Novice: 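One structure, as structure tokens, below. Some questions next.
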Amino acid sequence: MSVPVLTIDGPSGSGKGTVARLLAQRLGWHLLDSGALYRITALAAQRRGIDLHDAVAIAGLAAHLDVSFVGEDETCVRLDGEDVSLQIRSEQAGEAASVVAAHPLVRAALLDFQRRFAQAPGLVADGRDMGTVVFPQAKVKIYLDASAEVRGERRYKQLNEKGLDANLTQIVDDIRRRDERDMQRAVAPLKAAD
Ligand code: DC
């Protein structure tokens with residue numbers, strides 16, 4: 001019998017990460033934060049001095065990433081054994097992730113890795129293409145959306161709570177730019193599944 005998968009896709013800051021984590025906890029299922037994989041890929045590339053537009057080099061890197069999700073709710077992210085959970089959450093890390101995620105080769109390199117998260121008793125998968133490309137067989141597919149303004153305010157509050165500097169207008173502009181890139185790319189663009 002195949003493992004049940006529930007997908008939650010949507011744009012940056014819509015709250016899908018929070019909902020996915022709570023659902024996985026409630027159901028006792030595994031969690032896949034696919035955005036974290038793109039964030040980590042970008043971080044690994046930057047650490048090695050690889051240009052974010054060098055699709056071949058980044059795909060090679062993505063295929064051999066030493067990444068693990070640990071902790072009780074699988075939200076602590078390690079790259080090469082180092083905890084990078086906080087580092088990958090910055091706005092710059094999200095922007096860099098969106099750039100590497102637009103390369104078809106990079107997406108292909110991460111595909112099997114993501115599918116291997118479908119383990120018993122079930123998986124909650126959060127991202128942009130979970131219901132459309134990675135787990136098209138999922139029985140439950142959620143598309144979680146909100147206006148750029150509402151998502152920007154949410155991000156702004158989160159950054160403030162962490163004591164980080166934030167500018168609301170800038171955040172909303174960045175969100176719009178990222179939406180545009182994630183929705184317009186040729187491969188696995190952000191869109192609701194059928
Ligand atoms: O969900 P997030 O903000 O952590 O995602 C960061 C970037 O990664 C996002 O701008 C686009 C990319 N991404 C993707 O292309 N496909 C996914 N399934 C998840 C994220």
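Counting convention: from 1, in listed order, for ligands and their atoms alike. Here the structure is a predicted model, which means the values were calculated and not measured.
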Novice: Considering only heavy atoms from C-beta outward, does the side chain of Lys141 approach that of Asp194 to under 4.5 Å?
Specialist: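 The answer is no, as the side chains (C-beta and beyond) never meet within the 4.5 Å cut-off.
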Novice: In terms of atom number and element, which parts of ligand 1 are under 4.0 angstrom from non-hydrogen atoms of Asp182?
Specialist: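 Near Asp182, meaning under 4.0 Å from one of its heavy atoms, ligand 1 has 9 (C), 10 (O), 11 (C).
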Novice: Is a side-chain N or O of Thr7 found less than 3.5 angstrom from the main chain of Ala125, in a donor-acceptor match?
Specialist: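 Side chain of Thr7 to backbone of Ala125, a donor-acceptor pair under 3.5 Å: no, none is there.
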Novice: Of all the atoms in ligand 1, which lie at a distance below 4.0 Å from a heavy atom belonging to Gly127?
Specialist: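 Heavy-atom distances to Gly127 below 4.0 Å select 18 (N), 19 (C).
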Novice: Is it the case that ligand 1 has an N or O less than 3.5 angstrom from some N or O of Arg155?
Specialist: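 Between Arg155 and ligand 1 (N or O atoms, distance only) the closest approach is not under 3.5 Å.
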Novice: With a 4.0 Å heavy-atom cut-off (strictly under), which part of Arg128 contacts ligand 1: side chain, backbone, both or neither?
Specialist: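 It is both backbone and side chain that touch ligand 1.
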Novice: Quick one: does Leu159's side chain get under 4.5 Å of Glu91's, heavy atoms only?
Specialist: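 Leu159 reaches Glu91 side chain to side chain.
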Novice: Going by heavy atoms in the side chains, are Leu123 and Trp29 under 4.5 Å from each other?
Specialist: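 No, every pair of side-chain atoms sits at 4.5 Å or beyond.
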Novice: Using a strict 4.0 Å threshold on nitrogen-to-oxygen distance, state whether Arg48 and Asp80 make a salt bridge.
Specialist: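 Yes, charged N to carboxylate O under 4.0 Å.
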Novice: May I ask whether Arg107 has any heavy atom positioned less than 4.0 angstrom from an atom of ligand 1?
Specialist: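 True for this residue.
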Novice: What atoms in ligand 1 come closer than 4.0 Å to a heavy atom of Lys16?
Specialist: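 The atoms of ligand 1 under 4.0 Å from a heavy atom of Lys16 are 1 (O).
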Novice: Are there more than 12 heavy atoms of other residues, nucleotides or ligands under 6.0 Å from atom CZ of Arg89?
Specialist: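 Atom CZ in Arg89 is packed in, count exceeds 12.
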Novice: Using a 3.5 Å cut-off on N or O atoms only, is Tyr38 in polar contact with ligand 1?
Specialist: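 It does not: no N or O of Tyr38 is found under 3.5 Å from an N or O of ligand 1.
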Novice: Which part of Asp129 is near ligand 1, with near meaning a heavy atom under 4.0 Å away: side chain, backbone, both or neither?
Specialist: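 Under 4.0 Å from ligand 1, Asp129 contributes backbone and side-chain atoms.
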Novice: List in chain and number order the residues that pass side-chain hydrogen bond (donor to acceptor under 3.5 Å, both in side chains) with Glu82, two or more places apart in sequence or in another chain; answer none if no residue qualifies.
Specialist: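 Scan of Glu82 (side-chain hydrogen bond (donor to acceptor under 3.5 Å, both in side chains), adjacent residues dropped) gives Arg47.
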Novice: Students should be able to answer this: which protein heavy-atom is nearest to atom 20 (C) of ligand 1, and at what distance?
Specialist: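 Answer, as residue, atom name and distance: Gly35 CA, 3.5 Å.
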Novice: Can a donor-acceptor pair be found, under 3.5 Å and without considering hydrogens, that links the side chain of His30 to the backbone of Ala120?
Specialist: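 Side chain of His30 to backbone of Ala120, a donor-acceptor pair under 3.5 Å: yes, one is there.
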Novice: May I ask you to identify the nearest protein heavy atom to atom 12 (C) of ligand 1, giving residue, atom name and distance to one decimal place in Å?
Specialist: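 Result for atom 12 (C) of ligand 1: Ala101 CB, 3.6 Å.
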Novice: May I ask you to check if ligand 1 and Gln114 share an N or O to N or O distance below 3.5 Å?
Specialist: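 There is no such contact.
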Novice: Could a heavy atom of Glu95 be found less than 4.0 Å from some atom of ligand 1?
Specialist: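 So Glu95 does not count as touching ligand 1.
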Novice: Using heavy atoms and a threshold below 4.0 Å, how should the contact between Met130 and ligand 1 be classified: side chain, backbone, both, or neither?
Specialist: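 Answer for Met130: side chain.
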Novice: Which atoms from ligand 1 have a heavy atom of Arg178 less than 4.0 Å away?
Specialist: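 The atoms of ligand 1 under 4.0 Å from a heavy atom of Arg178 are 3 (O), 6 (C), 7 (C), 9 (C), 10 (O).
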Novice: Between the side chains of Ser98 and Arg178, is a donor N or O closer than 3.5 angstrom to an acceptor N or O?
Specialist: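 Result is no, nothing qualifies.
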Novice: Just wondering, are more than 12 heavy atoms of other shown residues or ligands nearer than 6.0 Å to NZ in Lys162?
Specialist: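 Correct, the count exceeds 12.
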Novice: Hey, are Asp174 and Arg155 close enough for a salt bridge, meaning a charged N less than 4.0 Å from a carboxylate O?
Specialist: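 Judged by the 4.0 Å cut-off on N to carboxylate O distance, Asp174 and Arg155 do not form a salt bridge.
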Novice: Check ligand 1 against Ser34 and write out every atom of the ligand that is under 4.0 Å from a heavy-atom position of the residue.
Specialist: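 Checking each atom against Ser34, I get 17 (C), 18 (N), 19 (C).
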Novice: Ligand 1 and Arg185, any nitrogen or oxygen pair closer than 3.5 angstrom?
Specialist: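 Among all N and O atoms of Arg185, at least one is under 3.5 Å from an N or O of ligand 1.
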Novice: Can you see which heavy atom on Leu52 is nearest to which on Ala96, and at what distance?
Specialist: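 Scanning both residues, the minimum pair turns out to be CD1-CB, 3.7 Å.
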Novice: Against heavy atoms of Ala97, which atoms of ligand 1 measure under 4.0 Å?
Specialist: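 Those atoms are 6 (C), 7 (C), 8 (O).
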Novice: Would you check the N or O atoms of Asp126, main chain and side chain alike, for any that come under 3.5 Å of an N or O of ligand 1?
Specialist: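 It does not: no N or O of Asp126 is found under 3.5 Å from an N or O of ligand 1.
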Novice: Mark up the atoms of ligand 1 that fall under 4.0 Å of a heavy atom belonging to Arg39, in ascending order.
Specialist: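 Every atom of ligand 1 under 4.0 Å from some heavy atom of Arg39: 2 (P), 3 (O), 4 (O), 6 (C).
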